[in-house]
Novice: 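One structure follows; several queries about it will come next.
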Number of protein chains: 2
Amino acid sequence: MGITIKDVAKAANVAPSTVSRVIADHPRISLDTKKRVRKAMKELGYHPNVNARSLANRSTQALGIVMKSSADKALQNPFFPEVLRGISAVAHELDYSLYISTGETEEEVYEGVQRMVYGNRVDGIILLYSRVDDNVINFLLEKDFPFVLVGKPCEHIDRITHVDNDNVNASIDITNELINQGHERIAFIGGDTDLVVTQDRMRGYEMALEKAGLPVREDYQIHKEFLKSGGREAVHQLFQLEEPPTGLVIVDDLMSIGVVTMLEENGISVPDDVSIVSFNNLYISEITRPSLTTVDIQIYNLGNQAAKCLIEKVNNQDEPAKRIIVPYELVRRQSSQHVSLNGASTS
Amino acid sequence: MGITIKDVAKAANVAPSTVSRVIADHPRISLDTKKRVRKAMKELGYHPNVNARSLANRSTQALGIVMKSSADKALQNPFFPEVLRGISAVAHELDYSLYISTGETEEEVYEGVQRMVYGNRVDGIILLYSRVDDNVINFLLEKDFPFVLVGKPCEHIDRITHVDNDNVNASIDITNELINQGHERIAFIGGDTDLVVTQDRMRGYEMALEKAGLPVREDYQIHKEFLKSGGREAVHQLFQLEEPPTGLVIVDDLMSIGVVTMLEENGISVPDDVSIVSFNNLYISEITRPSLTTVDIQIYNLGNQAAKCLIEKVNNQDEPAKRIIVPYELVRRQSSQHVSLNGASTS
DNA sequence: GTGAAAGCGCTAACAC
DNA sequence: GTGTTAGCGCTTTCAC
């Protein structure tokens, strides 16, 4: 069942090892035999068995992709297909396959990673999230298993190759966008505070405010997982304050859309009453109304770079830990405007 | 490098074959040795090498997932993470791993599938799309390789196990929703006409109109990939007609959002001037404004069923071809309303 | 109930 | 340049 290397060898009148060498395009095989062998492979319809190869080789030509637990379906989802595209492009080019592991809980995710590593299923792993105190990272470090992180590690930062944006500066810039438009009361809406990306973006926000001499107010920060029921309330409260914000920095475009809706339910209009800026530049950010002023973090590129780094690392165990910063870009759209225009629609 | 079955055997004072039998939980191994072996495995930190097992076994405990080419990033994306969740849940439960293959072009996708099959990487494949004249399906059929289709095959329908919604009836129902609200001029906006799902939904739309004695007008159908530049124009034209539609059936929620934006750019408001209904009930459909009246097709469930069917088929090559229809549900939200309310906002 | 040995399909010394 | 051979780690007859 299935053509093996032996069949090809026989047909081409060479030894199996020669066929193997032809497959690997070994330099010191004569062009003539190469041709003959290749012809035989074609004719017989030969395809190598990757398992056998992996066994002999201790290399799988496969990369593992690990997402964070998909329990909170909302937030990171649109991110995933795009980063996958980026990874897939280089994987395909370099003839790597992709394994994927996810799970509803952290525990499931961890188990998945163990399976990949212990089972010799993959040569390396791309982690698509970074959270404090993550046992997956500790496990991989301990096993000295090649991996790359998309995002910023919160520990061992110089031991972990990672691909990230400069989220702090991105956040400073996007917050300044509001400040430059004259906003002085700017609130921050974030997600899971365990995620490093949330932390960085919040820090940038605070730094920008401080630099501009604006107060950093605690009642201007929301961190509930507010795409669920709690969030609606939290946003409502924010605008019940004596001095409600006129600008909002939101950690993700998808959240922004939810917030816009909540606001409009309360008769608050974007950008006429409040300006919104956010992050990620998802596809949807352009086609929603208002279109979103956001930071394009180049998701595809993040995936692309991560895959490249990982493959380098796989091919050379001694490759030093790297840090790749993918540039970001501000995208100005309709959701933010100069504070002096506030109330435009009601006037 | 790595604990093998032999190490365990030595430690437990048995033969390697016995260890193997313990792993497989073979019945005629004494409980005593089982315990002893298991203890040794624990102590040594043994983990089976899946490649070796696959080689000996001709089974990989892995499923392949094939998406359609990701070139058109817009349409099917939000679908993917959700269906993956569904697949992943059962894969995890039954100890299967997931292998994923995508590509920018059809050709790349096809190559990926070949790699999975020929390389013995997976035991079976889940196809996440159905399009006419697809060489991937033909390839799998020809090789008699286990696979399951999410969607409806356009050929060999009784030979292919597939998991689908009843898209024709779903479309009839959602179109009737508009008809029952008094709409008589109802247009259809679809995507790629090669996709079976587009065809089914269009047919349902037409059948509903006919049943209601409403004309099926050709100038009421748009099929450009209109999330790109062409679409804006097409929608514009639609509302330049002498009798512009008052209702729109749109093949996907994400498209709906784009259309709402285009309409509002032209001063046409949803649902006050035109009602919109669509399909899929993506997460975003609920938080956008207006929230979308749509058909919940239970994406998670589609994935779940597909994975189950595939594993059955893998375990029993003679499993007959099945057809699983996942029920759908109408979700009424703000984007559609009775035609008599039209113009409400301008009055 | 358990062991010995062959073999899954391939690669990688080591020969010549 | 190419053939021979010994594994990679596991499963699976076939003995006993």
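Letters go in sequence order (proteins before strands), and every chain restarts at 1. On a predicted model such as this, the values are computed, not experimentally measured, just so you know.
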Novice: Checking Thr161(A) now: which residues fulfil side chain to side chain donor-acceptor pair (under 3.5 Å) with it, not counting sequence neighbours?
Specialist: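 None.
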Novice: Would you jot down, in residue-number order, the residues of residues 28-43 of chain B having a non-hydrogen atom under 4.0 Å from DNA chain C?
Specialist: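 Within residues 28-43 of chain B, the residues near DNA chain C are Arg28(B), Ile29(B), Ser30(B), Thr33(B).
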Novice: Taking side chain to side chain contact (heavy atoms under 4.5 Å, CB included) as the test, write out the residues that go with Arg159(A), two or more places apart.
Specialist: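 By the side chain to side chain contact (heavy atoms under 4.5 Å, CB included) rule, Arg159(A) matches Leu141(A), His156(A).
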Novice: Starting from C1' on dG9(D), measure out to CG on Asn120(A) and report it in whole angstrom.
Specialist: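 It is 10 Å, rounded to the nearest whole Å.
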Novice: Using a cut-off of 4.0 Å between protein heavy atoms and nucleotide atoms, how would you tag nucleotides 10-16 of chain C 5' to 3' with B, S and -?
Specialist: BBBB---
Novice: Mind calculating the distance between NZ (Lys10(A)) and P (dT4(D)) to the nearest angstrom?
Specialist: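 Taking atom P of dT4(D) as the reference, NZ of Lys10(A) is at 13 Å.
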Novice: For the helix from dG1(C)-dC16(D) to dC16(C)-dG1(D), what angle separates the axis at the start from the axis at the finish, each from five pairs, in steps of 10°?
Specialist: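 Rounded value for the end-axis angle: 40°.
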Novice: I need the CG-C1' distance between Leu55(B) and dT12(D), as an integer number of Å.
Specialist: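 My rounded result for the distance is 14 Å.
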Novice: Test of understanding: with side chain to side chain donor-acceptor pair (under 3.5 Å), list the residues that count as partners of Thr60(A), not counting sequence neighbours.
Specialist: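 Result, side chain to side chain donor-acceptor pair (under 3.5 Å) vs Thr60(A): Asp123(A).
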Novice: Suppose we screen for side chain to side chain contact (heavy atoms under 4.5 Å, CB included). Which residues come up paired with Arg115(B), at least two apart in sequence or across chains?
Specialist: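 Side chain to side chain contact (heavy atoms under 4.5 Å, CB included) list for Arg115(B), sorted by chain: Asp95(A), Ser97(A), Arg121(B).
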Novice: With sequence neighbours excluded, what pairs up with Glu111(A) under the side chain to side chain donor-acceptor pair (under 3.5 Å) test?
Specialist: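 Result, side chain to side chain donor-acceptor pair (under 3.5 Å) vs Glu111(A): His92(B).
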Novice: For Lys34(A), check side chain to side chain contact (heavy atoms under 4.5 Å, CB included) against everything at least two apart and list the hits.
Specialist: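 Residues passing side chain to side chain contact (heavy atoms under 4.5 Å, CB included) with Lys34(A): Val22(A), Asp25(A), Ile29(A), Arg38(A).
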Novice: Using 4.0 Å as the upper bound for N to carboxylate O, is an ion pair formed by Glu312(B) and Lys322(B)?
Specialist: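 A salt bridge links Lys322(B) with Glu312(B).
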Novice: With heavy atoms under 4.0 Å as the rule, sort Asn13(B) into base, sugar-phosphate or nothing.
Specialist: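 Asn13(B): backbone/sugar contact only, no base atoms under 4.0 Å.
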Novice: Once side chain to side chain donor-acceptor pair (under 3.5 Å) is applied, do any residues pair with Glu108(B), and if so which ones, sequence neighbours excluded?
Specialist: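 With neighbours one apart ignored, the set is empty.
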Novice: Separation of Asp25(A) atom CG from dT2(D) atom P, in whole Å?
Specialist: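 It works out to 13 Å between those atoms.
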Novice: Is the phosphate of dT11(D) approached by Arg58(B) (side-chain N or O, under 4.0 Å from OP1 or OP2)?
Specialist: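 No, outside the criterion.
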Novice: Show, in sequence, the C-alpha distance, side-chain angles and deciding distance for Phe139(B) and Phe147(B), and conclude whether the ring pair (Phe, Tyr, Trp, His ring centres under 6.0 Å) test is met.
Specialist: CA-CA 11 Å; Phe139(B) 171 75; Phe147(B) 77 100; over 10 Å; no
Novice: Please output the side-chain donor-acceptor pairs of residues 43-54 of chain A that fall under 3.5 Å, not counting sequence neighbours, one pair per line with the distance.
Specialist:
residue, atom, partner, partner atom, Å
Asn49(A), OD1, Asn51(A), N, 2.8
Asn49(A), OD1, Ala52(A), N, 3.2
Asn51(A), ND2, Asn120(B), O, 2.8
Ser54(A), OG, Val50(A), O, 2.8
Ser54(A), OG, Ser59(A), O, 3.2

Novice: Looking at residues at least two apart in the chain, or sitting in another chain, which of them share a side chain to side chain contact (heavy atoms under 4.5 Å, CB included) with Lys10(B)?
Specialist: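 Partners of Lys10(B) under the side chain to side chain contact (heavy atoms under 4.5 Å, CB included) test: none.
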